[in-house]
Amino acid sequence: DIKYTVYSPDSGIAQTKVLGELPEKTFWLDLNKPSPEELRQLGHRFKIHPLTIEDIQVLDDREKCEMFEDYLFICVRTVDQTPTLVDGLGRPLPIPVNVYIILFKDFILTVHSGPLPHIPHVLRRIDQDRRFGGLTPDWIMYTILDDVVDEFMPSIRIMELESDSIEDLVMVLSQSDRHEMLRRIGAARKRVVHLMRLLKPKIDVMKSLTKRNEDRLQAHTRTYLRDI
């Protein structure tokens, strides 16, 4: 039921259900399941362009990095591992979920339409790394994107194992067993296409961040982004 999670290097983590209870100064604000009215209030409070608010409200799933006068607007698709989609053999496929990031010079806002593992993952990573100092909003953006990409690794590993298994078996099967193998190949193809659709747009997002918006990012953050 928590709507707002706020993080500040000075005061740590705070959570609230009401926008009016937020502190005056915030470093990272995460919003879960916003209503149209809450988005309108956020847009007014942080001077966010109406086009950005509209994209979030309609759940626009085009992965992109857009430059506005005071901030960068980034949309990426992560995955929910809850099995509601299946391939041709009834095995679960990862479900796409939108994550919206609004990056100001001294502040970062993240918005999503349901609980995500990335937020607690990043908060734990901040807690582990804060002794090094130098925590910036663009570094938080990097850790979120890095965690989003990592979320695909189990699905990729499954496809690697399935491809190896098909390769080993296809040459030794009898004629009667080949129909089942064709079903496995079809299911594997569906999984590959599904993952490609989710992963390929991220290349353009990363290129835009690292090549067209260098002046808005810290030098050390650009190094980490290239690693993704």
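The analysis underlying the following values was restricted to heavy atoms, covering all of them including side chains, and did not include hydrogens, waters or symmetry mates. Residue numbers start at 1 and run along the sequence shown.
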Checking [Y] against [X]: is there a side-chain donor and acceptor pair closer than 3.5 Å?
X: His112; Y: Asp30; value: yes
X: Asp138; Y: Thr221; value: yes
X: Tyr100; Y: Thr52; value: no
X: Ser165; Y: Glu162; value: no

**Item:** Within residues 26-45 or reaching into it, pairs that qualify as ring pair (Phe, Tyr, Trp, His ring centres under 6.0 Å) - sequence neighbours excluded
**Value:**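 Not a single pair qualifies under ring pair (Phe, Tyr, Trp, His ring centres under 6.0 Å).
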Within the distance-only criterion (no hydrogens, no angle test), does the side chain of [X] pair as donor or acceptor with the backbone N or O of [Y] below 3.5 angstrom?
X: Asn98; Y: Leu59; value: yes
X: Arg191; Y: Met159; value: no
X: Lys202; Y: Leu198; value: yes
X: Thr143; Y: Ile140; value: yes
X: Glu63; Y: Arg77; value: yes

**Request:** For Ile101 and Ile144, run side chain to side chain contact (heavy atoms under 4.5 Å, CB included): C-alpha distance rounded to whole Å, both residues' side-chain angles, the deciding distance at 0.1 Å, then the answer.
**Result:** CA-CA 9 Å; Ile101 302 171; Ile144 294 170; 4.0 Å; yes
Starting from [Y], can I reach [X] by hopping between I/L/V/M/F/W/Y residues whose side chains sit under 4.5 Å apart?
X: Met153; Y: Val122; value: yes
X: Val193; Y: Ile95; value: no
X: Phe73; Y: Leu51; value: no
X: Leu217; Y: Leu135; value: yes
X: Leu195; Y: Leu161; value: no

**Parallel, tilted or perpendicular: ring planes of Tyr71 versus Phe68, cut at 30 and 60 degrees** =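 Parallel: the ring planes of Tyr71 and Phe68 meet at under 30°.
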Shortest non-hydrogen separation from [X] to [Y] and the atoms involved:
X: Ile74; Y: Cys65; value: CG1-SG, 4.0 Å
X: Cys75; Y: Asp60; value: SG-O, 3.6 Å
X: Phe152; Y: Val79; value: CE2-CG1, 3.5 Å

**Request:** List the steps and the verdict of side chain to side chain contact (heavy atoms under 4.5 Å, CB included) for Tyr4 and Glu38.
**Result:** CA-CA 11 Å; Tyr4 302 96; Glu38 287 169 324; 3.5 Å; yes
**Request:** Can you sort out the partners of Pro117 under side chain to side chain contact (heavy atoms under 4.5 Å, CB included), two or more places apart, ordered by chain and number?
**Result:**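 In terms of side chain to side chain contact (heavy atoms under 4.5 Å, CB included), with neighbours along the sequence ignored, Pro117 is linked to His121, Glu151.
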**Pairing residues for Lys47 by the side chain to side chain contact (heavy atoms under 4.5 Å, CB included) criterion, not counting sequence neighbours** =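 In terms of side chain to side chain contact (heavy atoms under 4.5 Å, CB included), with neighbours along the sequence ignored, Lys47 is linked to no residue.
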**Asked** Given the side-chain rings of Phe46 and Phe107, with only the six-membered ring counted for Trp, is the space between their centroids under 6.0 Å?
**Response**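 Under 6.0 Å, so yes.
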**Asked** Would you call Arg125-Asp146 a salt bridge at under 4.0 Å N-O?
**Response**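 Yes, this pair counts.
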**Prompt:** Could Asp204 and Lys200 be called an ion pair, given the rule that one side-chain N must be under 4.0 Å from one carboxylate O?
**Reply:**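 Salt bridge: no.
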**Message:** Between Leu225 and Ile228, does the side chain to side chain contact (heavy atoms under 4.5 Å, CB included) criterion hold? Intermediate values first, please.
**Reply:** CA-CA 5 Å; Leu225 284 170; Ile228 294 181; 4.2 Å; yes
